[in-house]
There are 2 protein chains.
Amino acid sequence: MSLREKKKIETKNKIFEVSGRLFKEKGFENTTIDEITKEAEIGKGTFFNYFPTKEALLLYFVEQKDELTYSLIEIETARSIPTKDKIKNLLVFLAESYETDKELTKLLIFEYIKYIRSTGLKSGEDQSRHHRLSKILHDFLEDGVKKGEVKGGIDVKIAAETLTAVYFHSVMVWLWSENDYSISEDISGMIDLVFEGIGS
Amino acid sequence: MSLREKKKIETKNKIFEVSGRLFKEKGFENTTIDEITKEAEIGKGTFFNYFPTKEALLLYFVEQKDELTYSLIEIETARSIPTKDKIKNLLVFLAESYETDKELTKLLIFEYIKYIRSTGLKSGEDQSRHHRLSKILHDFLEDGVKKGEVKGGIDVKIAAETLTAVYFHSVMVWLWSENDYSISEDISGMIDLVFEGIGS
DNA sequence: AATCCTACATGACCACAGTCATATTTAAAT
DNA sequence: ATTTAAATATGACTGTGGTCATGTAGGATT
């Protein structure tokens, strides 16, 4: 590895380290680029050589967290249990992983939307939460059909989307609710309902 | 009405008029407060006497559009048709009302989230899209139960939330998709699924 | 009609994200 | 070694949203 590459990595790490600390200390909005660059002992312009915007930095944290979460999930859900339980476990686990820090999650979702708004989810490049989750659910459901636990006649794709919808909606409502209720029950109830159907 | 009140209304209208025109001409982001105030022939500070932020202005447009839409809906859905169709009509109608201007809708949703993020949907004051839609669906479903078109055993509240979830999710996915497919079919398919259930 | 009070108007000013021309450091070429 | 080229660093500068102390005009009080 050349000297240049070493320095680059070093600088990027320094920015992470410092900004991570500052964000925790005083929040994202109250931390300025000037502060970060001063603490990291680099010029202001240098920051923008590594991250195009302040938000891009935040986004990196999101990606890292997601990476970890999804890898955990894939292990966890490999167990062979009833399809419905598997789906419940998955969605509840995901939801609970946000439960630790409501404010941060709000911020991240917000920045995420801001991001996809400006970039427009270019050409499948971004396998975003949505597609990823949807795909996993899709697999679960197909498996469920094979095992006879899910109706054979349904469109698995639409079913996966519906469950994804239920999940995201629950998280959103929970995030912006004042009182701290358990999101798990909510999701669980909706999944039951989707399995049973509401038509008579 | 005093002269003061008249001037106030006049100024507010002027800001609307001018900003509406400029937003259409060059987009929200590319329109500066300086431009708006110059065109409206007011001081820059004056703008902030009427709207706390630039986004607040945008939000007003949202509210006005919503007001119109919901009043139309309440008339439209009074007709006595099968519950499922009623729900389909409602959600498809709502979704299609966004279909005319994808970019603007994105912007509005984004600003809306930004707004509720900062204010936190204080104390029921904001009867937001979500609660409003959820309530209408709730009524529809209860009516459906009475008419025997919806299962009696289910929790109507959860069912309403599930349908709301399906709706919002469809709109979101549609908004940020590249290709222009029909959102109506999507929603329609999901509603069918929720009525039938996916469990075997 | 003179005085006072209050609501509103105003633009100089500030904070901060992001840019860019220039400088510096590293690597390659000779 | 020297020169050349390319990558990276830098901070003065800019654009813009938002603030605030001060000014001004409408309306009440005498």
Side-chain angles (χ1 to χ4, degrees), chain A residues 1-20 22-23 25-61 107-108 110-115 117-119, chain B residues 1-20 22-23 25-61 107-108 110-115 117-119:
Chain A
M1 185 186 291
S2 70
L3 178 55
R4 265 208 185 131
E5 282 171 307
K6 263 188 219 164
K7 280 200 173 178
K8 249 176 101 172
I9 292 173
E10 218 172 276
T11 304
K12 194 164 189 179
N13 283 343
K14 195 75 193 266
I15 294 175
F16 271 126
E17 185 200 304
V18 168
S19 61
L22 288 178
F23 289 168
E25 269 172 38
K26 25 190 307 186
F28 177 73
E29 317 245 358
N30 297 325
T31 306
T32 66
I33 306 277
D34 279 315
E35 282 175 295
I36 294 172
T37 53
K38 201 175 279 179
E39 290 247 347
E41 287 165 309
I42 55 172
K44 186 176 183 178
T46 305
F47 177 93
F48 293 97
N49 289 340
Y50 290 88
F51 302 96
T53 65
K54 191 184 174 190
E55 281 76 26
L57 181 52
L58 201 56
L59 220 63
Y60 195 93
F61 286 110
L107 197 63
L108 294 183
F110 176 70
E111 290 307 331
Y112 185 71
I113 291 176
K114 200 164 171 181
Y115 169 74
R117 184 170 77 82
S118 54
T119 66
Chain B
M1 185 185 291
S2 71
L3 178 54
R4 263 207 188 135
E5 282 170 307
K6 264 188 219 163
K7 282 200 171 177
K8 248 176 100 172
I9 291 171
E10 217 171 275
T11 304
K12 195 166 189 179
N13 284 343
K14 195 74 194 267
I15 294 176
F16 272 124
E17 186 200 304
V18 167
S19 61
L22 289 178
F23 289 167
E25 271 173 36
K26 26 190 307 189
F28 177 73
E29 317 245 358
N30 298 324
T31 306
T32 65
I33 307 277
D34 279 316
E35 281 176 295
I36 294 172
T37 53
K38 203 176 277 179
E39 290 248 348
E41 286 163 312
I42 56 172
K44 185 176 184 179
T46 306
F47 177 91
F48 293 96
N49 289 338
Y50 290 88
F51 302 96
T53 66
K54 191 185 174 189
E55 281 77 25
L57 180 53
L58 201 56
L59 219 63
Y60 194 94
F61 286 111
L107 198 63
L108 296 182
F110 175 69
E111 290 309 332
Y112 185 70
I113 291 176
K114 201 166 172 178
Y115 170 74
R117 185 170 75 84
S118 54
T119 65

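Throughout, a chain's letter reflects where its sequence line sits, starting with A, and its residues are numbered from 1.
- Rounded to an integer number of Å, the gap from A:Phe28 CZ to C:dA17 P is 8 Å.
- Pairing each heavy atom of A:Asn30 with each of A:Glu35, the nearest pair is O-OE1, 3.5 Å.
- In terms of heavy-atom proximity, A:Phe61 sits nearest to A:Gly20 at CZ-CA, 4.0 Å.
- Secondary structure note: stems in DNA chain C built from 3 or more consecutive Watson-Crick or G-U wobble pairs under 3.5 Å occupy C:1-3 with D:28-30, C:6-30 with D:1-25.
- Per the geometry, CZ belonging to B:Phe51 stands 13 Å off P belonging to D:dG18, to the nearest Å.
- Scanning all heavy atoms of the two residues, the minimum distance from A:Ile36 to A:Val18 falls at O-CG1, 3.9 Å.
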Distances under 3.5 Å between protein N/O atoms and the N/O atoms of nucleotides 11-16 of chain C, please, pair by pair.
from	atom 1	to	atom 2	distance (Å)
C:dG11	N7	B:Gly45	N	3.2

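- Interface residues of residues 6-17 of chain A facing DNA chain C, ordered by number: A:Lys7; criterion, heavy-atom separation under 4.0 Å.
- When side chains are defined from C-beta on, A:Asn49 does not count as touching A:Thr11, because their heavy atoms never get closer than 4.5 Å.
- For the pair A:Lys54 and A:Phe28, the cation-pi test (distance below 6.0 Å, angle within 45°) is passed.
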Distances under 3.5 Å only, N/O to N/O: pair up the protein atoms with those of nucleotides 27-30 of chain D.
from	atom 1	to	atom 2	distance (Å)
D:dG27	OP1	B:Ser2	OG	3.1
D:dG27	OP1	B:Leu3	N	2.9
D:dG27	OP1	B:Arg4	N	3.4

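- A distance of 7.5 Å separates NZ in A:Lys44 from OG1 in A:Thr32, rounded to the nearest 0.5 Å.
- When the side-chain nitrogen and oxygen atoms of B:Asn49 are compared with OP1 and OP2 of C:dA9, one or more of them lie within a distance under 4.0 Å.
- No more than 12 heavy-atom neighbours from other residues, nucleotides or ligands sit within 6.0 angstrom of NZ on A:Lys38.
- For A:Phe51, the ring-ring contact (aromatic ring centres under 6.0 Å, His included) partners at least two apart in sequence or on another chain are A:Phe16, A:Phe47.
- Across all non-hydrogen atoms, the minimal contact from B:Phe48 to B:Thr53 is CE2-CA, 4.3 Å.
- When every heavy atom of B:Lys6 is checked against every heavy atom of B:Met1, the shortest pair comes out as CG-SD, 3.6 Å.
- The salt bridge (Lys or Arg N to Asp or Glu O under 4.0 Å) check on A:Lys12 picks up nothing, with sequence neighbours excluded.
- Computed from coordinates, the B:Phe48 CZ to D:dT16 P distance equals 13 Å when rounded to whole Å.
- Distance B:Glu29 CD to D:dG15 P: 18 Å, rounded to the nearest Å.
- Rounding to whole angstrom units, CZ of residue B:Phe47 and P of C:dC8 are separated by 17 Å.
- Shortest non-hydrogen contact noted between B:Thr37 and B:Asp34 is OG1-O, 3.0 Å.
- Crowding of A:Glu25 atom CD: a count of heavy atoms from other residues, nucleotides or ligands under 6.0 Å exceeding 12.
- Closest to the B:Tyr50 side chain, of the nucleotides D:dT10, D:dG18, C:dA9, is C:dA9.
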